Amino acid sequence: MEYSKKVDQKWQKKWKEEEIYKYDPKKEGKKFYTMEMFSYPSGAKLHLGHWFNFAPADSFARFKSMQGYNVFHPMGFDAFGLPAENYAIKTGIHPEDSTLKNIETMKKQLDEMGGSYDWDYSVETCMPNYYKWTQWLFLQLYKAGLAYKKEAPVNWCDSCKTVLANEQVIDGKCERCGTLVERKKLAQWFFKITDYAEELLQDLDKLDWPEPTKKIQTNWIGKSEGAEVTFKGEKGDFEFNVFTTRVDTIYGVTCVVIAPESELVKKITTPDRKEAVENYIKETAKLNEIDRLSTERPKTGVFTGAYAINPINNEKVEIWIADYVLEDYGTGAVMVVPAHDERDFIFAKKYNLPIKSVIKIEGDEDRKLPFHDYGILINSEKYNGLTSSEAKEKIIEELAKKGLGKKTISYRLKDWLVSRQRYWGAPIPIIYCDKCGIVPVPEKDLPVLLPYDVEFKPDGESPLKKSKEFMECTCPNCGGHALREADTLDTFVCSSWYELRYPDAKNNEKAFDKETIDKMAPIDCYVGGKEHAAMHLIYVRFMTKALRDLGFLSFDEPFKRLIHQGLILGPDGNKMSKSKGNTVSPDEYVDKYGSDVFRMYLMFGFEYKQGGPWDEKGIDSMVRYFSRIEKLIETALKYKGKENNSEIGEKEEDLLRFKNLCIKSIGEDIDNFHFNTAVAKSMELLNKINDYIKENDKINEKVFYETIETYIKLLAPLAPHFTEEIWETLGHTTSIHKEKWPEIKENEMKGGTKDIPIQVNGKLKLCVTINVNDSNDEILNKIKSNEQVIDLLSKNNVVKEIYVPGKIFNIVVKK
RNA sequence: GCAGAUGUGGCGGAACUGGUAGACGCACAGGACUUAAAAUCCUGCGGGACUUAACCUCCCGUGCCGGUUCGAUUCCGGCCAUCUGCACCA
């Protein structure tokens, strides 16, 4: 049957009936766990990006399976989240209804793609049998002290009376109504990811991940070594710490600045400065994080009226507040050294604070301020003349003796805020008892079901808070009146452990079985977009480590190898988006050409790790390729069983040699996600086979036929339906996907000829053909007896001859 | 601002640890087949010079300028452009 969507359907039906992608943990072969980042069913359908991610990754899984691994290749849905809720607010369609419907559609599409998934091992994070365990996981972290509650600011739209996600804040305004967004403090749940900062950083070394991604994580964790220095109030009535990486510049301190949110501010502000300070705090609160951190904005701040004592020299300095100091980094307070820090310099200039230089650079004594380079200390009393790094040690030593300082390490990484004031998420399994306070929901009472009938339109309250039925409960401790936590969990919590659930997806007793997951983990290959380099990929790593420490796992890292697919852009070169109107739907192509033509085109036309602008022009070339293959198969059938020639001559040897070369390089290419070159190589093999037919009156049926079967097997992971059809045409009654990846026959690889380039001063002059089997002496002989080479050697002033065995012969001449 | 990535024909893209730059394909051009077109097949296809033409030969060419090397798309230094992250991190 000529290839079309009909062929897809025929085989999809058959595969389903025969359950050929059923995963059996007991099957022979070493386990291989490969997965793609699961998709988010917000849109109604899979888009081109999904296809580009999933189809080649599926080919990879199929290849591994042919290699003899027992491949586990699950797929699921990250089903909770904001878009479904927003969609519901807009249309009135309940998030659960739209989500479940989308999942059905997407599953169907994934089957139409030819995905080799076993849906018995699937997760949908919005289903109670999944989020029960997400809640369980929260409880484990809570018990271990890794989940805690504290006040944290949220983006608040006072007109919509709702909390906004960062992405809903556009230019500091609410995306719906344009109201200026405020920062409001709410008590929220956090996971203590910072406890794992050091290990998360160290273990990056163990991972086979793209280097840029490791770098992003390194920066995200943001380790910096420095010191905490204690400044006391001038009357000794208060004290606070500053964090600095440049304690060597401490003699240059001309003021200290604390974050406006700091509790200390109220305490120390003098009455005459109260109004100014309070106004400033109010102004700061209006700014969202993005604005506040913008480099464009001028530095601002106000004096609190209070003074602190520099512990190194007892100098009295002013205490200011300024919004460029962040409460949650370091200690929320900095010492201002205008001479050696750009931000401090601008700040000091603006408010006429003194600027005192304490570092000089040897040989560049007149260096313009500010500069932050290390140098030699000046104006620093007994430390004058020391280098920056010597001074750091000594100064810390002195401060430590006084009990006013110590070395410390600071991380940029912040604890993970997991509370969301949303409906469509997993309820946080916490109860607030009138008497007992915070009480975790007992594990036996899980799941805390998300009620269906809830008013989720924004009107100032968390949606769940409005459901009396949900909120009212009795305390598991004392039986008294209690209320439930109304917030739900960040969806990143759901996706921080799903890879653990897949192999044991139907377990009703546990989130996952330790023995099962220890056997399956770590995931051998994880494929997904690099936009998750910082958030998702750090959260999963954290969760794995936390669960390990709680005794639920015995491995340290979830994903051994990570691959990022590139981004397919719109035809205009911009990121595809509905608002730009440049989206491309895969469905029409699949209908028109069939899944395999489409997936082959995606693999051939783009570099997998790179992506690029969509261009449909090349699809026809793939249609052409398929029909050339079909034609070849017709020819093959004509020859089948007719022995014309059993001789193995040079042409047969060449063909066999090339066949083996293809087995090797196509295999390596797929293994490395270089699908474009894998397809290219397969095209070369087709050309070689066609040449063989053309150039021979009598073909060797056995060699020819074996090469063709090998060729089709090499294509099997890439074009699963098409090759299955051909396999049947060739007379096979079992699935090609149960075949083994062809073996390389070393004896067929031997021999053949090769061109050795002859260069003069690195420039190509000619090539000399040699036999691969020749010894180096023979090769050199052949080269040196070549007439043109003799000519080159005799007419030039030869300085040197360089021969790299089997590679190149270069004659160095002097002009 | 900081960090990272990328830059190769008209286009998508090849080139293993430095060793024949442009694999494979698209587009294009010419030819065969056809009444014709489509499809298919064959040939050519980085730029330039020389040449009546062909073959040869030579020069230039992997963003730009330098360096290391017998030899650089590959390594090093400096620039330019584009893209992507991160955002005053003390």
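Residue numbers start from 1 in every chain, and the chains themselves are labelled A, B, ... in the order their sequence lines are given, proteins ahead of strands. Model, not experiment: these values are computed from the prediction.
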Assign A/Q759 to base, sugar-phosphate, or nothing according to its heavy-atom contacts below 4.0 angstrom with the strands shown. base
Only one of A/K392, A/H340, A/R246 passes side-chain hydrogen bond (donor to acceptor under 3.5 Å, both in side chains) with A/Y374; say which it is. A/K392
Whether A/K754 side chain and A/G806 backbone form a donor-acceptor pair below 3.5 Å: yes
Which part of the nucleic acid does A/D615 contact within heavy-atom distance under 4.0 Å: base, sugar-phosphate only, or nothing? nothing
When all nucleic acid strands are considered with a 4.0 Å heavy-atom cut-off, which category describes A/G806: base, sugar-phosphate, or nothing? nothing
Check every strand shown and say whether A/K694 touches a base, only sugar-phosphate, or nothing at a heavy-atom separation below 4.0 Å. sugar-phosphate
Rounding to the closest angstrom, what is the interatomic distance between B/rC55 and B/rG19 at atom P? 31 Å
Within the 4.0 Å heavy-atom criterion, would you say A/K530 contacts the bases, only the backbone, or no part of the nucleic acid? nothing
A/R412 and A/Y329, any side-chain heavy atoms less than 4.5 Å apart: yes
Base of B/rC24 paired with side chain of A/K681 (donor-acceptor, under 3.5 Å): no
Describe the nucleic acid contact of A/K807 in one word from base, sugar-phosphate, nothing, applying a heavy-atom distance below 4.0 Å. base
So what does A/F604 touch, heavy atoms closer than 4.0 Å: a base, only the sugar-phosphate, or nothing? base
Syn or anti for B/rG66, given that syn means the glycosidic angle lies within 90° of 0? anti
A/I409 CD1 to B/rC89 C1', straight-line distance once rounded to whole Å: 15 Å
Are the side chain of A/Y280 and the backbone of A/D323 linked by a donor-acceptor contact shorter than 3.5 Å? yes
Between A/K664 and A/E668, is there a salt bridge with N-O shorter than 4.0 Å? yes
Please state the P separation for the pair B/rG47 and B/rG22 - nearest whole angstrom. 14 Å
Select base, sugar-phosphate, or nothing to describe what A/K765 touches, counting heavy atoms under 4.0 Å on all strands. sugar-phosphate
Name the closest nucleotide to the A/V812 side chain, picking from B/rC70, B/rC88, B/rC89. B/rC70
B/rG13 and B/rA23, which share atom name P, separated by this distance in whole Å: 15 Å
What is the distance, rounded to the nearest whole Å, between atom CZ of A/F240 and atom P of B/rA90? 18 Å
Applying a 4.0 Å non-hydrogen cut-off, can you work out what A/G222 is touching in the nucleic acid: base, sugar-phosphate, or nothing? nothing
Nearest whole angstrom, please: distance from the P of B/rG12 to the NZ of A/K617. 10 Å
